[in-house]
Amino acid sequence: MSDLPGTGLDRLPPAVHDLAIRSGASPDETGSVVRLTQTGRMKPRLGRPSWMPFTAVQTISIRTCGFDWQARFGPLGVIGVRDALNEGEGQLDVTVLGVIPILRTGHTPALCRGELMRYLAEIVWAPEAILLNDDLQWRDDGPGQRTVSAGAGETRAEVRITLDNAGRIVEVHAPDRPRSVGACTVPTPWTGRFHDYRCHAGRWIPFAGEVAWEIDGPPETYYQGQIRTWTID
């Protein structure tokens, strides 16, 4: 097999194909999305010690680059957040009581690129996408290192993947994920870490993860979450 883009499984380097099979992915899967529920906590602002608990539902496409994360924060879940990538457009909306907008981010190339990086990082929760999403380009960077990319031009995104000794994804990293700073976006190092692997529905899935930004110092974790349910259909 070649590491050049291609049609079907011939686009995958052997080490990447092995990663998918080791994770329990099947090239014969007939479903199109992973569905999961999460609980966890997030920081409303970086640089501050406060956290907000959340519950969330999410879908992740295994055949195209797309996801939809809908979360509830605050007392009785009055604050809603929708973070999504659909047909090449990024979306980030925050509302109160589901109808009063607090934040609605415009459909910019930076938002799309950032959301595409999130999709690439969260492929750990949708291992079939490694085999079945022909929009992904993979590179084998040697022992314990893989790189996955997608998109083109201003929206092209790339994420580096690190494996542990068992060959499971434990870290993802992008050196330049767009981060909102006022009305601007700033390329910023961004890292996700995964643990608590379990064999679930025939697949090895990490049931816990955390994400951090690195801003003028050590990484600051702003998301910690746990998977509660996982299905594919």
Side-chain angles (χ1 to χ4, degrees), residues 33-61 65-86 89-108 110-126 157 159 171-172 174 177-186 188-196 198 200 205-215 217-231:
V33 296
V34 164
R35 300 184 187 276
L36 53 86
T37 61
Q38 300 174 327
T39 58
R41 63 178 191 165
M42 289 186 70
K43 284 188 174 182
R45 288 191 179 182
L46 295 173
R48 297 188 179 184
S50 59
W51 294 79
M52 292 182 65
F54 72 83
T55 60
V57 297
Q58 182 173 359
T59 60
I60 304 172
S61 173
C65 295
F67 70 90
D68 192 341
W69 186 78
Q70 299 185 43
R72 293 290 179 183
F73 292 82
L76 303 176
V78 296
I79 299 174
V81 176
R82 186 175 188 182
D83 196 16
L85 176 66
N86 183 36
E89 293 289 351
Q91 178 179 354
L92 178 57
D93 296 337
V94 182
T95 59
V96 174
L97 299 174
V99 293
I100 305 171
I102 298 177
L103 171 69
R104 184 157 292 165
T105 304
H107 298 302
T108 65
L111 176 62
C112 179
R113 184 167 180 263
E115 301 294 35
L116 188 51
M117 285 182 179
R118 174 172 175 170
Y119 174 83
L120 298 176
E122 293 185 349
I123 204 169
V124 67
W125 286 324
V159 168
E171 183 176 289
V172 294
R177 189 181 184 205
R179 177 176 60 92
S180 295
V181 180
C184 303
T185 57
V186 179
T188 305
W190 177 80
T191 300
R193 295 184 175 87
F194 302 97
H195 52 95
D196 190 17
R198 306 178 194 177
H200 176 80
I205 302 293
F207 270 64
E210 59 183 41
V211 184
W213 291 106
E214 186 176 333
I215 307 169
E220 180 179 357
T221 299
Y222 69 92
Y223 162 95
Q224 294 175 329
Q226 299 79 41
I227 302 299
R228 297 305 179 190
T229 64
W230 185 101
T231 58

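Numbers here simply count residues along the sequence, with the first being 1. What you see is a predicted model, and the numbers here were worked out from it, not measured in a lab.
- Taken to the nearest 0.5 Å, the OG1 atom of Thr108 stands 9.0 Å off from the CD atom of Glu89.
- A salt bridge (Lys or Arg N to Asp or Glu O under 4.0 Å) with Glu220 is found for exactly one of Arg45, Arg48, Lys43, namely Lys43.
- Annotation: the span from Ile215 atom CD1 to Arg179 atom CZ amounts to 3.5 Å, rounded to 0.5 Å.
- For the pair Val81 and Leu92, the minimum side-chain heavy-atom distance is below 4.5 Å.
- In this structure, Val124 and Val172 have side chains that are not in contact, with every pair of non-hydrogen atoms separated by 4.5 Å or more.
- Nearest heavy-atom pair, Thr221 versus Trp51, reported as atom, atom and distance to 0.1 Å: O-CH2, 3.6 Å.
- No side-chain heavy atom of His200 sits less than 4.5 Å from a side-chain heavy atom of Ile227.
- Across Pro178 and Ala110, no two heavy atoms sit closer than the pair CG-O, 3.5 Å.
- With values rounded to the nearest 0.5 angstrom, Ile123 atom CD1 is found 10.0 Å from Ser61 atom OG.
- Residues His195 and Pro206 form no side-chain contact, since every pair of their non-hydrogen atoms from C-beta on lies 4.5 Å or further apart.
- The CD atom of Gln70 sits 8.0 Å away from the CZ atom of Arg72 when rounded to the nearest 0.5 Å.
- Just one of Arg177, Glu171, Glu210 meets the side chain to side chain contact (heavy atoms under 4.5 Å, CB included) condition when paired with Thr191; it is Glu171.
- Screening Phe67, Phe194, Trp69 for a ring pair (Phe, Tyr, Trp, His ring centres under 6.0 Å) with Trp125, the sole residue that qualifies is Phe194.
- Minimum heavy-atom separation, Met117 to Ala157: CG-CB, 3.6 Å.
- Using modelled atom types and a 3.5 Å distance limit, the side chains of Thr37 and Arg228 yield no donor-acceptor pair.
- Counting only heavy atoms from C-beta outward, the side chains of Val34 and Leu36 approach each other to under 4.5 Å.
- Residue Met52 comes nearest to Gly74 through the heavy atom pair CE-N, 3.7 Å, listed as atom of the first residue, atom of the second, then distance.
- Here the CZ atom belonging to Arg82 is positioned 10.5 Å from the OG1 atom belonging to Thr95, to the nearest 0.5 angstrom.
- Interatomic distance, Ile60 CD1 to Arg35 CZ, rounded to the nearest 0.5 Å: 11.5 Å.
- Looking at heavy atoms from C-beta onward, Asp83 lies in side-chain contact with Arg118 at the 4.5 angstrom threshold.
- Annotation for Cys65 and Leu85: closest pair O-CD2, 3.6 Å, computed over non-hydrogen atoms.
- Considering only heavy atoms from C-beta on, Tyr223 comes within 4.5 Å of Gln38 through its side chain.
- Using the six-membered ring where Trp is involved, Trp213 and Tyr222 have ring planes that are parallel, under 30° apart on the 30 and 60° scheme.
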